[in-house]
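Take a look at the structure below.
The shown structure was predicted, so the numbers you read here are calculated from the model rather than taken from an experiment. In this chain, numbering begins with 1 at the start of the sequence shown.
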Amino acid sequence: MATEIKAPQFPESVADGTVATWHKQEGEAVKRDELLVDIETDKVVLEVVAPADGVISKILAGEGDTVESQQVLANFEEGASGSAPSSEAKDASAEKEEAAAPAAEASDDSSASDQAGPAARKLMSEHGIAASQVSGSGKGGRITKQDVEKAIGEKAEQRASQPAPQQPATAEVPAAPGEREERRVPMTRLRKRIAERLVSAQQDAAMLTTFNEVNMKPIMEMRKNYQPEFEKAHNVRLGFMGFFTRACVEALKRFPAVNASIDGDDIVYHGYYDVGVAVSTERGLVVPVIRDADQRGLAEVESQIIDFGQKAQKGKLSIEEMTGGTFTISNGGVFGSLISTPILNPPQTAILGMHKIQERPMAVDGKVEILPMMYLALSYDHRLIDGKEAVQFLVTVKNFIEDPARLLLDI
């Protein structure tokens, strides 16, 4: 039975997407729920799976094409692999036909390339092989993936038989000593979206940053003393992010403007605390949100942060998990950053930057002590938050971290 493979239903905040990777090709047999294609949006990569056992009969949107919500990506034949020939079946029939009739020779590269399937064209492109250099063994001279692999093998044998061939300069040849090499690649949709939002944040907000430093010794000693029992009880390690999330939530309760946002000429005060946690991935920075952080204990916060990190690295975060947020925490210290000025995550009006823990000599009660110190940075929108509020907010976070008992006593 014929059916259509469509792009997912995009949320209102996502206009369109780009076909990133086809994991299956035309004529290739697939099983139900097997991954067919990845669709990259401004925020996440969405996966489209097979609705049933069958084969892809025709790909309508190639890699790099822009698609809209519910747009048809491919035609699909449901049922056993016999409903449409698989690649193995095509190759078997091609071998039989090859004995009866020789493969037709293409008149030029463009016409020959039209006789090649998507997998064959991709392989030819990767290895720099023209379609005219490949003998098609499929029906009507169609070039299969196996034909291209055979041509690649023959090309390798020819090179091996010539000890010192005269090779033309190509992009794959390493640059000679002294040459300055350049490589141009298009931005991913996520990287372009990040760039747009960061520029917008600096242009549209009156952004300012205030700094302070915090003694991490109390938290570090608490972790050392209670880590085994905490991990045994909750099956998760006690980290710093849980403490900072709790400290920020308590500080946000005391300074509502830091948890607010600007909508036109209105100030929107949020009566909930959805804390975004910036996570760095190979594709770019993403900010999943811990919903109702004020209602979560340390173990639950730590567990959710770990889950977000794992999903982010695999590109499995959903749009719902990255939508919203009233305040953001960014930890550049994991990469060794000593101090920085984090950029706002619109429409939020504040973001806290954590940094590297570094032992420094500090004056304590008239004596010099070596303490593990961390610089904290709070970037805020000066249109809504005054300097006094920003400084007091940051001092409140500092006090909670340096005296964790305050979090339990609510003082």
Side-chain angles (χ1 to χ4, degrees), residues 2-28 30 33-51 54-77 84 109-110 113-126 131 145 171 182-201 203-204 279-288 311-324 345-347:
T3 185
E4 295 177 335
I5 302 298
K6 296 183 178 181
Q9 179 67 47
F10 300 149
E12 293 182 3
S13 59
V14 177
D16 52 34
T18 300
V19 179
T21 306
W22 275 101
H23 297 279
K24 300 294 180 181
Q25 301 300 329
E26 290 181 5
E28 190 170 353
V30 297
D33 295 330
E34 195 170 358
L35 179 60
L36 297 180
V37 60
D38 292 332
I39 306 296
E40 183 180 15
T41 70
D42 295 340
K43 297 182 178 180
V44 294
V45 175
L46 303 174
E47 296 180 345
V48 179
V49 299
V55 294
I56 298 175
S57 57
K58 182 68 175 179
I59 292 177
L60 303 177
E63 294 180 359
D65 290 352
T66 299
V67 295
E68 297 179 350
S69 181
Q70 294 295 296
Q71 180 175 330
V72 179
L73 305 176
N75 294 330
F76 187 80
E77 292 288 339
D109 284 350
S110 60
S113 179
D114 292 338
Q115 295 296 317
R121 289 198 299 270
K122 183 177 180 181
L123 199 59
M124 286 189 292
S125 175
E126 290 175 350
K145 183 179 179 180
E182 289 185 349
R183 188 166 63 96
R184 186 184 297 268
V185 294
M187 276 189 178
T188 63
R189 293 179 68 92
L190 177 60
R191 175 52 61 188
K192 285 191 287 187
R193 182 60 174 163
I194 291 172
E196 291 170 0
R197 288 178 65 84
L198 294 181
V199 171
S200 174
Q203 291 179 341
D204 298 338
V279 178
S280 179
T281 71
E282 292 183 356
R283 296 178 58 248
L285 191 72
V286 294
V287 187
K311 284 185 177 181
Q313 296 305 325
K314 297 177 182 177
K316 302 293 185 182
L317 283 170
S318 67
I319 293 178
E320 289 74 18
E321 289 174 320
M322 293 189 293
T323 302
N345 184 21

Check: Trp22 main-chain N/O paired with Glu63 side-chain donor or acceptor under 3.5 Å:
yes
Student check: side-chain heavy atoms of Val49 and Glu34 closer than 4.5 Å:
no
Between CD1 on residue Ile5 and NZ on residue Lys58, distance to nearest 0.5 Å:
15.5 Å
Indicate the atoms forming the closest heavy-atom contact of Ala312 with Val279, along with that distance.
CB-CG1, 3.7 Å
What one should report as the nearest heavy-atom pair of Ala74 and Ile59 is CB-CA, 4.0 Å
Looking at Gln313 and Ser280, would you say the former's side chain and the latter's main chain have a donor-acceptor pair under 3.5 Å?
yes
Going by heavy atoms in the side chains, are Asp38 and His23 under 4.5 Å from each other?
yes
Met322 versus Leu317, closest heavy-atom pair with distance:
SD-CD1, 4.0 Å
Shortest non-hydrogen contact from Gly27 toward Val55
O-CG1, 4.4 Å
Report yes if some heavy atom in the side chain of Ile39 is under 4.5 Å from a heavy atom in the side chain of Leu73; otherwise report no.
yes
Within the 4.5 Å heavy-atom criterion, are Ile56 and Leu36 side-chain neighbours or not?
yes
Counterpart residues, side-chain hydrogen bond (donor to acceptor under 3.5 Å, both in side chains), relative to Gln70 (two or more places apart)
none
Ser69: what forms a side-chain hydrogen bond (donor to acceptor under 3.5 Å, both in side chains) with it, not counting sequence neighbours?
Gln9
Is there side-chain contact between Thr323 and Ser318, with heavy atoms separated by less than 4.5 Å?
no
Polar side-chain atom of Ser57 near backbone of Glu77 as donor-acceptor pair, under 3.5 Å:
no
For Asn75 and Val72 the tightest heavy-atom approach is OD1-CG1, 4.4 Å
Euclidean distance, Asp65 CG relative to Gln71 CD, rounded to 0.5 Å:
8.5 Å
